[in-house]
Every structure is written in C-alpha cells, then in structure tokens.
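Data first, discussion second: the structure below is written as structure tokens.
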Amino acid sequence: MHPLFHPLFIDYCAYFNGNNDYFECHEVLEEYWKEIAPREKFHPLVGYVQLATGMYHFRRANVTGAARIMEKAIVNFELNHNSEFFEYIDVRQLLLLMKNQLRKIQENQPFAHFTLPITDRQLQELVHERIKSIPPMDSHFIFNKHMLRDRSEILEAREFKKRSRQ
C-alpha cells in the first residue's frame, strides 16, 4: 500500500479539507508518524503535523506560534519535496499556499483556509468519502479543542510514568 493511502493519512486530509479540524489532523498524523518513523524529526509526516499546527495557531490568532511552526513546515517540505509522501500531493502548489499563509500571518491578516492539493483521483475519492463520515462538530469546539477535550487518559499516563520513575 502506498503510504498516502494509509487510513491515518486519509483521516488527516479529510479533517484538513473537510471540517478544518487542525487539532485532529495533528493527532492522527502524529500517530501515523510514530508508527513508521518515530525519531525522524525531519520526516515529511512531521511537516504535515507542523502545517496543521500552524493552521490551528493561525486560526486562533497566535501569530508568533503560527509563523514559527509554518516556517518549520515549509523547510521540511522543501527538504523532502521528492519524498513518496508528496507523490499524490502537488508539493509545489502546497508550498505556494503555505508561503501565502505565512505572509498573511506575518501581515496580521485574517485567517483563511486552503485545501490540500491532492492530485490522485483515488486518494481524492477516499478523502471525500471520509469527509462525509465525519460527524458535524460545533465550530467553537474545533476552535478551542486543545482546551475542551477530555485529557484524563493523558494525565493518567503522565502520573503513571512519574510513579514508575520513583
């Protein structure tokens, strides 16, 4: 299977192009990255995670964080432009879109969404089908997801790790 047809990458594209849930984009692609290249900090999947994080910060008007992480994503994609992780994504178009977003961030312009330029018909169809299956969510929740989500599992895991070190 081509790595862009992995269900977690399809989820990423669906959240990005569908309901613009950038926080969820980060979550699903971080999971995929940890499956295949957990210590590779310059892996293309890290760039995709950074892109989603930059979009999340931009929408929340965190211009400093948005600019910093978008710059990192651009560098990652420029370094990895020949990767199979861009085989069905128009990386030149994506970089233009990202640089345009960075300019908007730096000029303190209002947030604007763009879609990932998927070039493969089969991948487009899979993403479209996944978008249709995403349950509707309140925009306030998507906007503030990092503060409103249930973090009990994360906190329990941290506490367990802390106790196991003692």
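When reading the values below, keep in mind they use all heavy atoms of this one structure, side chains included, and skip hydrogens, waters and symmetry mates. Please read these numbers as outputs of a predicted model, since none were measured by experiment.
Pro44 approaches Phe85 most closely through the heavy-atom pair CB-CB, 3.8 Å. Of all heavy-atom pairs between Ala112 and Lys104, the closest is CB-NZ, 3.6 Å. A pairwise comparison of heavy atoms in Phe58 and Ala66 identifies N-CB, 3.5 Å as the closest pair. Contact between Val63 and Ile105 at its shortest, heavy atoms only, is O-CG2, 3.5 Å. Looking at every heavy atom in both residues, Pro117 comes nearest to Leu97 through CD-CD1, 4.2 Å. Of all the heavy atoms in Val127 and Cys13, the pair that sits closest is CG2-CB, 3.5 Å.
Contact of the Val46 side chain with the Glu40 side chain is not registered, since no non-hydrogen atoms from C-beta on lie closer than 4.5 Å. At least one side-chain heavy atom of Met70 sits less than 4.5 Å from a side-chain heavy atom of Met55. In this structure, Asn20 and Arg59 have side chains that are in contact, with non-hydrogen atoms separated by less than 4.5 Å. Between Thr119 and Ile89, every side-chain heavy-atom pair lies at or beyond the 4.5 Å cut-off.
His81 pairs by the ring pair (Phe, Tyr, Trp, His ring centres under 6.0 Å) definition with nothing, not counting sequence neighbours. Applying the salt bridge (Lys or Arg N to Asp or Glu O under 4.0 Å) criterion to Arg92, with sequence neighbours excluded, gives no partner residue. For Glu129, the side-chain hydrogen bond (donor to acceptor under 3.5 Å, both in side chains) partners at least two apart in sequence or on another chain are Lys132. Taking the side-chain hydrogen bond (donor to acceptor under 3.5 Å, both in side chains) definition, one finds that Gln122 meets it with nothing, sequence neighbours left out. Under the side chain to side chain contact (heavy atoms under 4.5 Å, CB included) criterion, Lys34 pairs with Glu30, sequence neighbours left out. A search for salt bridge (Lys or Arg N to Asp or Glu O under 4.0 Å) contacts involving Glu87 returns nothing, not counting sequence neighbours. Not a single salt bridge (Lys or Arg N to Asp or Glu O under 4.0 Å) links Lys41 to another residue, sequence neighbours left out. Among residues two or more places apart in sequence or in another chain, the side-chain hydrogen bond (donor to acceptor under 3.5 Å, both in side chains) test is passed with Arg103 by Asn100, Glu107. In this view, Gln93 satisfies the side-chain hydrogen bond (donor to acceptor under 3.5 Å, both in side chains) rule with no residue, not counting sequence neighbours.
The main-chain N or O of Pro3 is found under 3.5 Å from a side-chain atom of Tyr32 such that the two form a donor-acceptor pair. No side-chain donor-acceptor contact under 3.5 Å links Asn17 to the backbone of Thr115. Side-chain atoms of Gln106 never come within 3.5 Å of backbone atoms of Ala67 as a donor-acceptor pair (strictly under, hydrogens ignored).
Between Thr64 atom OG1 and Asn62 atom CG the span is 6.0 Å, to the nearest 0.5 Å. Summarising the geometry, atom CZ belonging to Arg68 is positioned 12.5 Å from atom OG1 belonging to Thr53; distances are rounded to the nearest 0.5 Å. A distance of 10.5 Å separates CD in Gln50 from CD1 in Ile74, rounded to the nearest 0.5 Å. In this structure, the separation between CG on Leu45 and OG on Ser83 is 8.0 Å, given to the nearest 0.5 Å. The structure places OH of Tyr12 at 10.0 Å from NE2 of His26, a figure rounded to the nearest 0.5 Å.
Listed by chain and number, the hydrophobic cluster partners of Phe42 are Val75, Leu79, where partners are ILVMFWY side chains within reach of under 4.5 Å, directly or through others.
Within the 6.0 Å centre-distance limit, the rings of Phe114 and Phe16 are counted as a close aromatic pair.
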Distance-only donor-acceptor hits, side chain of residues 4-11, under 3.5 Å, sequence neighbours excluded:
residue : atom : partner : partner atom : Å
His6    : ND1  : Leu8    : N            : 3.0
His6    : NE2  : Glu35   : OE1          : 3.3
Asp11   : OD1  : Arg130  : NE           : 2.6

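Of the residues listed (Phe77, Tyr22, Trp33), the one engaging Tyr48 in a ring-ring contact (aromatic ring centres under 6.0 Å, His included) is Phe77, and it is the only one.
If you chain together hydrophobic residues whose side chains sit under 4.5 Å apart, Ile36 and Leu123 fall into the same group. Linking Ile, Leu, Val, Met, Phe, Trp and Tyr residues whenever their side-chain heavy atoms come within less than 4.5 Å leaves Ile69 and Leu51 in two separate clusters. Clustering ILVMFWY residues whenever any of their side-chain heavy atoms sit less than 4.5 angstrom apart, transitively, puts Tyr56 in the very cluster that holds Ile134.
Each salt bridge (charged side-chain N to carboxylate O under 4.0 Å, His left out) pair with one or both residues in residues 46-57, not counting sequence neighbours, would appear here, but there are none.
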